[in-house]
Structure formats: structure tokens, C-alpha cells
Amino acid sequence: MAGNNHGHTPAAWTGVTIAFIGFCVSGAFVVLANPVGFWAGMVVVALGGVVGMAMRAAGLGQTPKRQPQVQRAQPQAQTQQ
């Protein structure tokens with residue numbers, strides 16, 4: 001699976017790293033029983049997704065591979081005899 005270069009881009013690494021930090025922050029505040037800190041960490045998790053998508057839109061992500069378009073045969077108009 002590593003041969004297809006899936007996720008090896010600056011956008012993917014940055015988005016996942018930010019989301020992982022937010023996950024760790026949320027987990028720490030769950031243990032501390034602090035709901036405000038938990039939700040702050042969840043905001044950081046969501047921010048990771050937004051940053052990753054923004055970086056992808058800026059050209060730092062993997063370009064989508066286009067599938068070749070299949071030419072479909074056009075139906076022949078039937079003539080009445």
C-alpha cells in the first residue's frame with residue numbers, strides 16, 4: 001500500500017499532526033474532568049482538518065488521479081421502413 005503514495009504530502013502530514021495534538025489535548029482534559037478543555041481540544045482536531053483541506057487547495061496535497069473516460073457507443077437511430 002505504500003507504493004501508491006497515499007497521504008505522503010505536506011497537507012496530509014500537517015492536518016494529521018494538528019488533529020493528533022488536539023486529540024491528545026482532549027484526552028488529557030477528559031482525565032482531568034475539564035469539559036471546557038476537552039472541547040477546546042476538539043476544536044483543535046477540527047482545525048487540523050480545515051488546515052489540511054486549505055493546504056490541499058493551495059496545491060500542497062496530492063493531485064487527484066483522473067480515470068480515463070470510456071467512450072460509450074451512441075445508439076443508432078432506427079429508421080422505419
Check which hydrophobic residues are tied to Met53 through side-chain heavy-atom contacts below 4.5 Å, counting indirect links as well, and list them. none
Linking directly or through intermediates, with side-chain heavy atoms under 4.5 Å: list the remaining ILVMFWY members grouped with Leu47, chain and number order.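 Listed partners: Ile18, Val44, Val51, Met55, Leu60.
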To check you understand the geometry: which heavy-atom pair defines the closest contact between Gln62 and Arg56, and what is its length?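 For Gln62 and Arg56, the tightest heavy-atom pair comes out as O-NE, 4.2 Å.
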Any residue meeting side chain to side chain contact (heavy atoms under 4.5 Å, CB included) with Met42, in chain and number order, not counting sequence neighbours: Ser26, Phe38, Trp39
Do Leu32 and Phe29 have side chains that approach each other closer than 4.5 Å (heavy atoms only, starting at C-beta)?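 When only atoms from C-beta onward are counted, Phe29 and Leu32 do touch, with a gap below 4.5 Å.
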Is there a path of hydrophobic side-chain contacts, each under 4.5 Å between heavy atoms of I/L/V/M/F/W/Y residues, joining Val31 to Val25? no
